[in-house]
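Worth knowing before you read on, the calculation uses all heavy atoms, side chains too, and leaves out hydrogens, waters and symmetry mates. Chain identifiers are assigned alphabetically (A, B, ...) following the order of the sequence lines, protein sequences preceding nucleic acid strands; residue numbering begins at 1 within each chain.
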There are 2 protein chains.
Amino acid sequence: MLVVDGAKVMARAGLTPERLTRAGAELADEVGFDQVTVSALARRFEVKVASLYSHLKNSQDLRTRIALFALEELADRVADAVAGRAGKDALAAFANAYRDYAREHPGRYDAARLRLDPETAAASAGVRHSQMTRAILRGYDLAEPDQTHAVRMLGAMFHGYVSLEMAGSFRHTAVDSQESWRWVLDSLDALLRHRAAP
Amino acid sequence: MLVVDGAKVMARAGLTPERLTRAGAELADEVGFDQVTVSALARRFEVKVASLYSHLKNSQDLRTRIALFALEELADRVADAVAGRAGKDALAAFANAYRDYAREHPGRYDAARLRLDPETAAASAGVRHSQMTRAILRGYDLAEPDQTHAVRMLGAMFHGYVSLEMAGSFRHTAVDSQESWRWVLDSLDALLRHRAAP
DNA sequence: CTAAGTTTCCTAAAACCGTTAGGCAAACGA
DNA sequence: TCGTTTGCCTAACGGTTTTAGGAAACTTAG
């Protein structure tokens, strides 16, 4: 089949799950993760929608792949940020890596919060995230179960703060969000030092 | 028009924006807020889809109404919970009201986190939420801008914790989430007392 | 180098959702 | 009782998801 003016010669587009996932992540950052659609992705590759179904099981599969990709990417960034740091320095690096990623890639950040089924989650980079959080706490000398409590607290705080900040919840008050962020990190550091085992 | 066996006599279904909103909230709790659809709602009222468009502007309007309803209901609950309490007692009541609502009404809780446009948000019960958070902090005697920092921290922590807990993130470790929750509340109380103005 | 086999993308079609336009019947007010 | 308004309907269109089957492009074995 040969279309003269459209120049479509039935050439292959070179689709792969990986390219589709990456393009989906970019799309998520541009239009929001919940607007990522198989149709939009096909449009971006100038390909018919049905063609994607040779590379993706379905729409949910696409979303899951983007989520796993984002988790991996974020874990890499965090690992890079905390390398060679300890104590409060590591805590701040960890937290900032998290927040910066969300600001830079809001769609991917949302994707990383997608609810995964237990098996998928267990095989994802999500486990690296909790491992790294635990690693941060090595500098604070917490015994179990306090360490687990602290892991959950840090996860909740960072995710909650970033989530509310992204949603614009902090834009109505004059106080700069950056200041609050520093205040929160200082507070967490003090709290964890105070909780340290004797 | 009269259908004999279906017993449809073209009677009126008694639709109103309020009834639709409430039913939408119930639907959200059952199937998830992102699965709340004009079609599903019409099915629930045994009415054709187009009929809802006399009462709702569109699908987004429905979601926004559910969000406003949930914000209002949650604010009422929180107000009720903290009434007559102060200090750590008030903090715990506030936090528990929040968490309990999310556990009881996950769909509505998600709805309450819908991003609203600034005018809508300003006219919503969202402002009551921050006012009540500030009220909790009266027991801790914080000066500005620390009070604003603390409001943001509490909002982040509660939302983050509830959000991660709902997503199942705490189910992989043996430590009971309830214990972590108590630990976090104790920590926040200690932190706020420590931050109190001299 | 060519024929067979595989992969990649296509067309076609069905199902569901969102939305608008226009109609008829029911409720209501005079 | 008779307009008028309101509430729900049918009809229709466009978009998304998904499956089935076909045809062209690539790959590989003889």
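The phosphate of D:dG7 (OP1 or OP2) has no side-chain N or O of B:Arg19 nearer than 4.0 angstrom. Residue A:Arg43 has a polar side-chain atom (N or O) positioned under 4.0 Å from OP1 or OP2 of D:dT16. Between B:Ser51 and D:dC9 there is a side-chain polar atom (N or O) within less than 4.0 angstrom of OP1 or OP2. For C:dT7, the OP1/OP2 oxygens have no side-chain nitrogen or oxygen of A:His55 closer than 4.0 Å.
Here A:Arg171 does not pair with A:Glu165 in a salt bridge; the nearest charged N to carboxylate O distance is not below 4.0 Å. Residues A:Glu104 and A:Arg77 are paired through a salt bridge, judged by an N-O separation under 4.0 Å between the basic side chain and the carboxylate. Between B:Arg85 and B:Asp89 a salt bridge is recorded (basic side-chain N to carboxylate O distance below 4.0 Å).
Rounded to whole Å, atom C1' of D:dC26 lies 15 Å from atom CG of A:Leu15. Atom-to-atom, CG of B:Asn58 to P of C:dA21 comes out at 14 Å; the value is rounded to the nearest Å. Atoms NZ (A:Lys48) and C1' (D:dG15) sit 14 Å apart, rounded to a whole Å. Between B:Leu62 atom CG and C:dC17 atom C1' the separation is 13 Å, expressed in whole Å. One atom, CG of A:Leu52, and another, P of C:dC9, lie 9 Å apart when rounded to the nearest Å. Between B:Leu56 atom CG and C:dC17 atom P the separation is 16 Å, expressed in whole Å. The distance from atom CG of A:Leu41 to atom P of D:dT17 is 10 Å, rounded to the nearest whole Å. Computed from coordinates, the B:Gln60 CD to C:dT19 C1' distance equals 14 Å when rounded to whole Å.
Using a 4.0 Å heavy-atom cutoff across all strands shown, A:Ser59 reaches sugar-phosphate atoms only and no base atom. Among the protein residues, B:Ala50 comes within range of the nucleic acid bases, having at least one heavy atom under 4.0 Å from a base atom. Within 4.0 Å (heavy atoms only), B:Val49 reaches at least one base atom of the nucleic acid.
For the segment residues 25-39 of chain A, the set of residues with a heavy atom within less than 4.0 Å of an atom of DNA chain D comprises A:Thr37, A:Val38, A:Ser39, in numerical order.
Separation of the B:His105 and B:Tyr109 ring centroids does not fall under the 6.0 Å cut-off.
A side-chain donor from one of B:Tyr161 and B:Ser177 sits under 3.5 Å from a side-chain acceptor of the other.
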Between B:Arg128 and B:Glu72, does a salt bridge (charged side-chain N to carboxylate O under 4.0 Å, His left out) hold up when you go through it step by step?
CA-CA 9 Å; B:Arg128 278 173 70 203; B:Glu72 200 86 45; 3.4 Å; yes
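Between D:dT19, D:dC8, C:dC10, one nucleotide has an atom nearer to the side chain of A:Tyr53 than all others, and that is D:dT19.
A cation-pi geometry, defined here as NZ or CZ lying under 6.0 Å from the six-membered ring centre and within 45° of its normal, does not hold between B:Arg152 and A:Trp181.
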